[in-house]
Each structure stands twice: as C-alpha cells, then as structure tokens.
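Note that the structure is predicted; figures quoted are calculated from it, not measured. When reading the values below, keep in mind they use all heavy atoms of this one structure, side chains included, and skip hydrogens, waters and symmetry mates.
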Amino acid sequence: YSKEEFSEMFVPDIQPDEDIAAIIEKYNQSGGDYYNEGYMRHLKKNGEIFYVHVYTHNTLFGDIDARLYFAVDIHEKLIADRQNKELTELIKEQKEELDSILFDVNDAIWSRTADTHELIYGNNAYYKLYGLTPEEMAADKDYVFNSIYPADRKIFSNAVHETKTTGRTEVIYRHIHKDGRIRTLKVQANLKKGINGKPDEITGITTDITHEKELFDTIRNHEQKLLATINNTEDMIWS
C-alpha cells in the first residue's frame, strides 16, 4: 500500500477475515500496557498472506491515547524453520528406520574418525563381535587394536594407512576375543572426507570369517594330502 492508502485503513483491513475474531478475543484477554501478540498472518494489497511477529504497547501520541504497533516480517524465517523441522523429522524417521535395519544385520558396521580413531557409530553386531557393551567399548578406545593377534598388527596398521592414502582397503587379520578364542576377521573400509570443518571418517564392515577360514584350510590340507599321495605312488596317473 501507499502511505496515503495505509493511513485510511484499520487494523483488521490487513488481516485475513477468518483470523479477525480470534485476534480480537486474544487482544481483549491480554490486559496490561505491553502485549506480545506472537505470530500473526497479514495481508498484502495483492492478497498475498505472510507471517509477522507483532508487539504492541500503550503510548501517547500528542494528547491522544494510542498504541504503538511493531510488526516484524518473519515469513521467510518461519517457512524455513518449518521446512527445517519437517526435514529434521524426516531425517529422524529415516535414521530410526536405518538403525532398525542395521541392528539386525549380522555384519559389524562401524564408523571412526580418521585421525583419532574415535568410535562414531557401531551397530549391534559390532559390539556383539567383540563381546563388549557400548560403555565398555567407549571406556577402552584402544581395545580393537590391542585385541589384534600380535603377528597381524603390522598388517592392520598398513591397512589403516592404505585407507587414508588411497581411500579404501580390504584386510584379513586375526583377533583375540575376550573369551580367549582366536577369530579371523575380514574388514572392508572406506575413507569419507569431512565437510564444513568436520574430521575425515573411516567407515567399514567387519565380518567374522573364522568358520569359512577353517573350511578353506581343511579343504587345502586335504588337497595337499591328496597331492602328496598322488606324487608318492609308483602308478602313473594322468588326465
């Protein structure tokens, strides 16, 4: 509106018809010289509705009792806040759904900072693999490295270095479980570059392949025994 147009108008003229009754009732119940009317809808001349935050208080305009009226345009901020809230709720729902899926996955899925190796995330199978609770794992940050079979620690360290330099790695090493058993683990890891000042992360999947390794070793031993038997016989064997 122009200044001249606006000076001929009343407060209800800049508000949607369906909001006026509620606004008047709320104002009559407010009392006091100062009133924070909160978020309201206002009308532009072209009929567009937008949101404002309104503050009013009693004052004197010359010798006339008047009311000073502040209307702060918060439309873009409010819309952005609502969109962010909706997006946050959506992300929360998706995260809960993903956590539920990962909880039932047998492979250990994890994420650690690339510099300090601090654990960021571990699914249920991750803690089950090592036989520790999340609290126990948090209390002993070096447990994973310290539980590596001593002869395989160099292999593990080289794999970590490879992840940081090339972006990915795959390694098989032996792990001493808390119950004393030696397990064979396979790790596939990738480097995730940090953005907006966040540190780089290493994410990975750890699989217990002890049983598969035992089967492979058994088959290989049988093959070697068979080959030895064939090589030691005086009969000519051919194909």
Side-chain angles (χ1 to χ4, degrees), residues 81 83-221:
D81 287 346
Q83 290 175 340
N84 288 338
K85 184 178 180 180
E86 292 174 357
L87 181 59
T88 300
E89 287 297 323
L90 178 61
I91 292 174
K92 181 181 178 182
E93 291 175 4
Q94 292 178 338
K95 182 180 182 301
E96 290 174 350
E97 183 178 350
L98 179 60
D99 286 344
S100 177
I101 295 173
L102 294 181
F103 184 86
D104 295 325
V105 171
N106 292 325
D107 291 333
I109 300 174
W110 51 269
S111 177
R112 291 179 176 271
T113 56
D115 51 357
T116 63
H117 300 165
E118 180 180 355
L119 183 65
I120 300 173
Y121 172 80
N123 68 341
N124 183 56
Y126 179 80
Y127 297 105
K128 186 177 180 180
L129 174 68
Y130 294 106
L132 298 180
T133 65
E135 292 74 22
E136 289 172 331
M137 183 70 78
D140 189 356
K141 296 180 180 180
D142 296 325
Y143 173 79
V144 172
F145 182 79
N146 291 336
S147 67
I148 298 172
Y149 193 77
D152 292 350
R153 290 181 181 176
K154 183 65 175 178
I155 298 174
F156 186 87
S157 296
N158 290 340
V160 173
H161 177 72
E162 182 180 28
T163 306
K164 293 180 180 180
T165 53
T166 68
R168 69 178 306 276
T169 193
E170 182 175 307
V171 62
I172 295 176
Y173 67 94
R174 289 167 291 178
H175 153 72
I176 304 174
H177 196 271
K178 62 181 296 186
D179 61 11
R181 293 179 300 164
I182 296 178
R183 315 294 293 177
T184 302
L185 306 181
K186 177 181 178 181
V187 175
Q188 295 173 300
N190 294 277
L191 181 68
K192 177 184 176 183
K193 286 291 186 180
I195 57 175
N196 299 326
K198 292 184 178 181
D200 294 348
E201 297 178 11
I202 296 178
T203 60
I205 299 176
T206 302
T207 308
D208 187 341
I209 61 168
T210 304
H211 182 61
E212 290 84 347
K213 181 70 164 52
E214 291 172 349
L215 288 177
F216 174 80
D217 290 342
T218 299
I219 294 172
R220 185 174 61 178
N221 289 336

Can you check whether [Y]'s main-chain N or O pairs, donor with acceptor, with [X]'s side chain at less than 3.5 Å?
| X | Y | value |
| --- | --- | --- |
| D107 | I205 | no |
| D208 | A108 | no |
| T166 | T163 | no |

Nearest 0.5 Å, please: how far is [atom2] in [Y] from [atom1] in [X]?
| X | Y | atom1 | atom2 | answer |
| --- | --- | --- | --- | --- |
| N190 | E170 | CG | CD | 10.5 Å |
| Y130 | R183 | OH | CZ | 12.5 Å |
| Q188 | T206 | CD | OG1 | 9.5 Å |
| I120 | E201 | CD1 | CD | 3.5 Å |
| L129 | H175 | CG | NE2 | 6.0 Å |
| T113 | D200 | OG1 | CG | 9.5 Å |

For a quick test of reading the model, state the closest non-hydrogen atom pair linking [X] to [Y] and the distance between them.
| X | Y | answer |
| --- | --- | --- |
| I148 | F156 | CD1-CG, 3.2 Å |
| I155 | I172 | CG2-O, 4.3 Å |
| I176 | Y143 | O-OH, 4.2 Å |
| K178 | G131 | CD-O, 3.0 Å |

Sub-4.5 Å side-chain heavy-atom contact between [X] and [Y]:
| X | Y | answer |
| --- | --- | --- |
| T210 | R181 | no |
| M137 | V144 | yes |
| Y173 | V187 | yes |
| H117 | K141 | no |

Would you say that more than 12 heavy atoms from the other residues, nucleotides or ligands in this model lie under 6.0 Å from the CG of L87, or not?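 It does: L87 CG has more than 12 such atoms within range.
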On the 0 to 90° scale, with breaks at 30° and 60°, tag the W110-Y126 ring pair as parallel, tilted or perpendicular.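 Plane angle between 30° and 60°, so tilted.
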